[in-house]
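Notes for the one structure printed next.
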Amino acid sequence: MTNVRGSGGYERGRSEGFIKGKQDGYAKGFEDAREFLEKPPLHDISLKWRELHCADQFGPHFGSTVVLNDRNMECLKETVKSTIWKLEISAKDQTYPVILKIFKPPMIDQKLVELNMYRRVSSLIPDLMPAIYLVLEGINNDEVWVFMEFVPPIKGQVIFTPDHFDKIIPSLAKLHAQTYNDHFYNKWDIFEDWIPRYDSDSVSAERMKNHKQTIEYLDKAMESPELKEKLRPGYNDLQRILQRGPVYFPELIQAGKSIIHNDLQTPNMGCHNIAEESWNVKFLDWEGAGFSPCWFDMFNLIGVFFAYRKDWRSDENAVIERCAPLYAAEMLKYGITFDTDPVQLYKMAYLQRVLERSLYQQLHWKLDNVKPAFLLECYLEKIKIWGKELRLY
Ligand SMILES: Nc1ncnc2c1ncn2[C@@H]1O[C@H](COP(=O)(O)OP(=O)(O)O)[C@@H](O)[C@H]1O
Ligand SMILES: [Mg+2]
């Protein structure tokens, strides 16, 4: 009997204990959830910020102690290459947005170029690049974290039209003038071992390789019915033109080389004073930077825009006639003159870039099923018209 009753007490005790345990578990879970909502755990960025005493290193830039606002972080973009965060700090009762660009491994050449631009060149051209507050290496093993000034991108601030080129060209000319020919070579110690130079052995070899491959792609493209239809009318002339490559216009080299940006889309250009008559543009996203003919950036700014924007195409010639001389006039403010007519230099830069790079890219994308080749027809048309005008064929 005792045994039975005893066993009943045990059973009851066990079940009560179970219920109590369950209730406690609920209560604890509830408590945790409430605490989580009120005080979510700190993001890795906040933890690293504390661990590495980042605030101390920001102080000098803001003239006071700074605090990272842990609850105000926005991921703007994430790719396999990098993650871009918009953070917020407080300093002297004001808040400031800050960009954190996290470079993920592997550190391929383009990333090293961009990192070196931030680390070594931003102080040389401070009004043309975001201020760099702090660079941290070896984070989470192999990442590099760059904290920099937030410069509101032009995209998102205006509805961009070709009139806005006039606002960007003065800053672009300033970038080129300040790093033009001897200004670059005088800072050789800064640039020597990492910046791709248009006339270096390695970049020249790459150009030769691409050139050979473009000719091969062109023949391969003629075997595809869809591409053949687009290419056939200009095929013979294009073949003749390509035989003269890969350098088509020595005038471009003679017109001078500068640090060029190479990817001048509106998300990659920032401006703090967009409401003012003249803009102070700062250039973002420097992975394509190199020391190359300065006129190439005019193609990157204007030529690429019109290639994508068919809707503006009827304005293209007028814009070139206005903007190429404007660029030359801006360069003249720094004492730089060109022997060749600016509109001609623009068209040469366009054709050189298309023939040595864009044509190859478009054919590669299409033939190797990477992505569609939307710009091919536009480029072929320019080769036909301007190639004739500039006596390439
Ligand atoms: N310093 C900055 N200030 C403001 N916005 C920035 C800054 N850096 C990057 N961004 C924004 O984040 C986007 C992506 O950054 P970006 O450096 O261009 O990376 P990606 O190499 O992936 O294009 C930019 O297009 C821009 O809108
Ligand atoms: Mg970008």
Side-chain angles (χ1 to χ4, degrees), residues 45 54 57-58 61-62 66 68-69 72-89 91 94-136 139 142-160 164 167-168 171-172 175 194-196 259-275 279-290 296-297 299-301 304-305 307-308 361 371:
I45 293 171
C54 295
Q57 314 205 43
F58 267 63
H61 290 277
F62 290 85
V66 306
L68 176 68
N69 298 334
N72 220 339
M73 298 180 172
E74 185 190 348
C75 180
L76 296 182
K77 183 171 177 183
E78 164 132 45
T79 65
V80 285
K81 296 181 300 181
S82 62
T83 313
I84 293 100
W85 287 89
K86 186 178 179 186
L87 311 177
E88 189 191 84
I89 58 162
Q94 272 208 49
T95 60
Y96 299 90
V98 166
I99 288 288
L100 166 60
K101 186 162 181 175
I102 298 179
F103 292 80
K104 303 179 193 174
M107 286 301 149
I108 52 163
D109 285 354
Q110 282 166 330
K111 284 183 208 163
L112 292 177
V113 168
E114 182 170 4
L115 278 170
N116 277 315
M117 286 301 294
Y118 296 140
R119 272 192 290 226
R120 308 183 67 176
V121 185
S122 69
S123 56
L124 211 65
I125 45 172
D127 45 356
L128 298 161
M129 288 183 72
I132 303 302
Y133 303 135
L134 179 60
V135 180
L136 299 171
I139 306 292
D142 300 319
E143 292 172 0
V144 183
W145 289 20
V146 181
F147 292 90
M148 66 177 104
E149 174 189 11
F150 177 86
V151 191
I154 290 175
K155 186 187 169 97
Q157 295 195 83
V158 294
I159 296 170
F160 195 83
H164 293 122
K167 310 266 192 185
I168 295 167
S171 296
L172 190 62
L175 164 70
W194 57 271
I195 194 110
I259 296 289
I260 66 165
H261 179 282
N262 245 333
D263 188 11
L264 296 169
Q265 338 165 27
T266 50
N268 287 345
M269 298 184 280
C271 179
H272 283 298
N273 66 338
I274 211 127
W279 293 357
N280 300 324
V281 176
K282 289 193 170 189
F283 300 96
L284 317 171
D285 191 6
W286 286 85
E287 69 177 308
F296 283 0
D297 260 351
F299 162 72
N300 295 319
L301 180 70
V304 175
F305 173 89
Y308 278 101
Q361 244 175 12
K371 46 181 151 170

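Indexing begins at 1, ligand by ligand and atom by atom, following the structure's order. Sequence positions, counted from 1, serve as the residue numbers for this chain.
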So the protein N/O/S atoms within less than 2.8 Å of the Mg ion (ligand 2) come down to Asn268 OD1, Asp285 OD2
For Ile108, the side chain to side chain contact (heavy atoms under 4.5 Å, CB included) test, sequence neighbours excluded, returns Pro106, Gln110, Lys111
**Q.** Stepwise side-chain contact (heavy atoms from CB on, under 4.5 Å) check, Ile45 with Trp145
**A.** CA-CA 10 Å; Ile45 293 171; Trp145 289 20; 4.1 Å; yes
re atom 2 (C) of ligand 1, the protein heavy-atom contact at minimum distance is Ile99 CG1, 3.3 Å
Ligand 1 to Met148, heavy atom cutoff 4.0 Å, flagged ligand atoms 1 (N)
Donor-acceptor contact below 3.5 Å, side chain Asn268 vs main chain Leu264:
no
Q) Within the distance-only criterion (no hydrogens, no angle test), does the side chain of Gln157 pair as donor or acceptor with the backbone N or O of Ile274 below 3.5 angstrom? A) no
Thr95 meets the side chain to side chain contact (heavy atoms under 4.5 Å, CB included) criterion, sequence neighbours left out, with Asn69, Glu88, Ser90
Worksheet item: Does the Lys155 side chain pair with the main chain of Phe160, one donor and one acceptor, at a distance under 3.5 Å?
Response: no
Atom 3 (N) of ligand 1: closest protein heavy atom, distance to 0.1 Å, is Val151 N, 2.8 Å
heavy-atom search around atom 18 (O) of ligand 1 in the protein gives Asp285 OD2, 2.8 Å
Is there a donor-acceptor pair under 3.5 Å between the side chain of Trp194 and the backbone N or O of Val113? no
Check: of Glu149, Lys101, Lys77, Lys155, min heavy-atom distance to atom 16 (P) of ligand 1 comes from Lys101
Taken in chain and number order and not counting sequence neighbours, the residues that satisfy side chain to side chain contact (heavy atoms under 4.5 Å, CB included) with Val151 are Pro130, Glu149, His272, Lys282, Leu284
shortest atom 9 (C) of ligand 1-to-protein heavy-atom contact is with Ile84 CG2, 4.1 Å
The residue among Phe147, Tyr96, Tyr118, Phe62 that forms ring pair (Phe, Tyr, Trp, His ring centres under 6.0 Å) with Tyr133 is Phe62
Of all protein heavy atoms, the one nearest atom 11 (C) of ligand 1 is Leu76 CD1, 4.1 Å
Candidates Pro153, Pro97, Pro267; heavy atom nearest atom 24 (C) of ligand 1 found on Pro267
Rounding to 0.5 Å, atoms CD1 (Ile168) and CE (Met269) come to a distance of 4.0 Å
In ligand 1, the atoms that come under 4.0 Å of a heavy atom of Asn268 are 18 (O), 25 (O)
Q. Are Leu76 and Ile99 close enough that some pair of their side-chain heavy atoms sits under 4.5 Å apart?
A. yes
If we number the atoms of ligand 1 from 1 as shown, the ones under 4.0 Å from a heavy atom of Glu287 are 21 (O)
